[in-house]
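The structure appears below as structure tokens.
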Amino acid sequence: MCGIVGIVSNKSVSASIISALKKLEYRGYDSAGISTISNGQISEQKCSGRVDNLEKILFQNPSSGDLGIGHVRWATHGVPNQVNAHPHSSEVVSVVHNGIIENSDELRKEYKEKGYSFKSQTDTEVITIMLTDYLKKENLINCIHKTLEKLEGSFALGVIFKDFDNLVVGARRGSPLAVGYGHNENFIGSDSYALKSMTNKISYLDDGDFCILFKEKVEFYNSDKKKINKQIFELSNEDNTADKGDYRDFMSKEINEQSITTKKCINEYLDKSRNDINIYNLPIDPKKINKIRLIACGTAYHSCLMAKYWIEEFTSLDVEADIASEFRYRKIKFNSNDLYIFVSQSGETADTYAALEKCKKNQVKTCGIVNVVESSIARMADFVLPIHAGPEIGVASTKAFIGQLIVLYLLTLKISKERNDIIDDEYLKLILDLKKLPELIEETLNKQKDIQLIARDFIEAKGTMYLGRGYSYPIAMEGALKLKELSYIHAEGYAAGEMKHGPLALIEDGMPVIVLAPKDRFFEKTISNMQEVIARGGKVLMITDDTSKTMNENIRFKFQIPKTNSTINSFLLTIPIQFLAYHVALLKNCDIDKPRNLAKSVTVE
Ligand code: AGP
């Protein structure tokens, strides 16, 4: 939810810290700050709003120093103002934090009774005060260790000390922290993406670890203060530098590159010569799998919901899709023959990570479907299937969703084939249909203008509904989420058959309703649900591959998607619902890439 960075170097660090913070802004953008050690003092600068605001302050009052820490914030405790911005500093310590300290109230009370005063409303400031207090009586290692031991909750920390002006400390419990290695300089960052422009050599802290960065070396310690070593990963050379190019914003770029990313993902997994799927060495022999459980949050959960329908259709397996923040607290009946699949674009979502940890503790087999292969979820899962979508910067997930659907579809077909749940001819036909998908997505992308014309009808809407049946239902859920998070208009995704059980009462004259009605086995039933809506004054946008003149006179808008195999219609239905949310948000002058109150990677629960 927040982004942290720290650098110790043989040269001034403030420009590098600002540059890294800009790469981390997708994690939170309520406020930003930096502190360095210069002339033997802690120099702290911070402000509400974006990193650009901080840069302007530094332009007026340059911050020198060859070691420092920086932070971009998504507020959890305390309003997003300058006082609550990180870093939080005392005379001798400065701290940046990502996570939630769950016992901060009692610690605040304890240290107030010791005579300390607090400037902010944040949980983080208790860490600053504790370190300050321990420094008076402990050496550095013990000071760090005793502080971490007293904290409850999650943290990734960056810390600098006035009296140790040659080092930066990092620590991790529950929130990710990467270490980068440079030449006469070393780094910490919330993820490798922030450090990528400074190094391609990365290690990762595990929960309970802390590290001490010097410019010539890095020391790692475990939760018992024992020195440990960490594996150094070489980051992929794949050019992951996200750049908008000629697009107005990252989201329009990421929507429009979906035919490319889909093609790339399919090529990564498809053996074109044999028309077979290259997914092997699953942690459980597919023939022995008893049940599949899919766990994720938000848009990633919607891809799991979609996969549930595919797994039911193509395999003899039982399957469940769970929201991670619920799964992690439920009394799950674990079974060693169940396969637990975790879907996450960032691979850092706290609830999904915690659900994965719960499965690991219960010794069951896990698979991670991620976009960031160096992420915490990828490193913890027994088996990883990357979606190869490239960096997704827009907070609203688009190309990653399509990538998740591709990998889940391929995995379903592969498991089905290995279990002989599908005959060879059908398997081949589904693969050949899938190979045509990138062109069909391109064809649908080229119809963006049709949606742009419709968007105007939504900007005054008090609320709207997305209806679908079968494979269209998860896309109805995703469409509603997209409109909500981008345009701040209330939207509900519903199984079309559910309307008569209550939601129909919401329909009033002129209310926009999006009906996903591909010509599949539910078409006639969905049309009847649509008629119920129209009869009550609903203004329908019908998204379909049907070319007949069904109901044309009463439908306000019709968006035509190309015809394809009904099991993969959902990929094509996704494009117009993404464009609709985008253009409505644009007309409402909303921030497309950084919608209010949100962050790209929700690393706190
Ligand atoms: C998607 O548009 C949202 N921004 C959000 O629901 C996101 O899908 C969710 O937070 C899960 O993120 P992850 O895929 O990185 O785990």
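Numbers here are sequence positions counted from 1.
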Residues D30 and R596 bridged, charged N to O under 4.0 Å: no
Q45 side chain to N61 backbone, donor-acceptor under 3.5 Å: yes
Counterpart residues, salt bridge (Lys or Arg N to Asp or Glu O under 4.0 Å), relative to D351 (two or more places apart): R328
Rounded distance (nearest 0.5 Å) linking atom CD1 of I255 with atom NZ of K253: 12.0 Å
Ionic contact status for E55 with R50, cut-off 4.0 Å: no
Cationic N near anionic O, under 4.0 Å, K23 to D191: no
K215 atom NZ: more than 12 heavy-atom contacts under 6.0 Å: no
D591 versus Y488, closest heavy-atom pair with distance: N-OH, 4.2 Å
Given V384, L356, V370, the one that forms side-chain contact (heavy atoms from CB on, under 4.5 Å) with F342: L356
Flag if over 12 foreign heavy atoms under 6.0 Å of CG, N139: yes
Ring geometry between F210 and H145 (parallel below 30°, tilted from 30 to 60°, perpendicular above 60°): tilted
Derivation and outcome, salt bridge (Lys or Arg N to Asp or Glu O under 4.0 Å), residues E113 and K109: CA-CA 6 Å; E113 284 161 6; K109 187 168 172 295; 3.1 Å; yes
Modelled atom types, side-chain donor and acceptor of E219 and Y221, under 3.5 Å: yes
Trace of the side-chain contact (heavy atoms from CB on, under 4.5 Å) decision for Y204 with R379: CA-CA 10 Å; Y204 295 93; R379 284 183 289 113; 3.3 Å; yes
Test salt bridge (Lys or Arg N to Asp or Glu O under 4.0 Å) applied to E149 - qualifying residues, sequence neighbours left out: none
Derivation of the salt bridge (Lys or Arg N to Asp or Glu O under 4.0 Å) call for E257 and K399: CA-CA 7 Å; E257 62 188 7; K399 63 175 183 175; 2.5 Å; yes
Heavy-atom neighbours of K146 NZ exceed 12 at 6.0 Å: no
Test: K119 and E125 ion pair at under 4.0 Å: no
NZ or CZ of K217 within 45° of F214 ring axis and under 6.0 Å: yes
H97: partners by ring-ring contact (aromatic ring centres under 6.0 Å, His included), with sequence neighbours left out: none
Contacts of type salt bridge (Lys or Arg N to Asp or Glu O under 4.0 Å), residue D207, not counting sequence neighbours: R172
side-chain contact (heavy atoms from CB on, under 4.5 Å) between F187 and S9, worked out: CA-CA 9 Å; F187 320 96; S9 178; over 6 Å; no
Salt-bridge contact D206-K230 (side-chain N to carboxylate O under 4.0 Å): yes
Whether over 12 other heavy atoms sit under 6.0 Å from N39 CG: no
Any donor-acceptor N/O pair, T352 side chain to A324 backbone, under 3.5 Å: no
Under 3.5 Å side-chain donor-acceptor pair for S375 and E348: no
Shortest non-hydrogen contact from V179 toward L195: C-CD1, 4.2 Å
Pairwise side-chain contact, K225 with N142, heavy-atom cut-off 4.5 Å (strictly under): yes
Criterion salt bridge (Lys or Arg N to Asp or Glu O under 4.0 Å) on R108 and D123, from CA distance to verdict: CA-CA 8 Å; R108 186 178 271 261; D123 54 340; over 6 Å; no
Sidechain N-carboxylate O distance under 4.0 Å for R173, D209: no
Stepwise side-chain contact (heavy atoms from CB on, under 4.5 Å) test for I212 and I141: CA-CA 9 Å; I212 304 180; I141 299 277; 3.6 Å; yes
Nearest heavy atoms of N186 and G182, plus distance in Å: OD1-N, 3.4 Å
Reference residue H71; test side-chain hydrogen bond (donor to acceptor under 3.5 Å, both in side chains); the match among H88, H86, K46: H86
Within residues 354-366 or reaching into it, pairs that qualify as salt bridge (Lys or Arg N to Asp or Glu O under 4.0 Å) - sequence neighbours excluded: K360-D382
Smallest separation among heavy atoms of L24 and S190, with atom names: CD2-CB, 4.0 Å
Residues forming a side-chain contact (heavy atoms from CB on, under 4.5 Å) with C47, sequence neighbours excluded: N53, L54, I57
Derivation and outcome, side-chain contact (heavy atoms from CB on, under 4.5 Å), residues L481 and E478: CA-CA 5 Å; L481 175 61; E478 173 59 11; 3.9 Å; yes
Geometric cation-pi criterion, K162 with F164: 6.0 Å, 45°: no
Chi angles and distances behind the salt bridge (Lys or Arg N to Asp or Glu O under 4.0 Å) call for D593, K244: CA-CA 11 Å; D593 286 335; K244 276 190 289 202; 5.1 Å; no
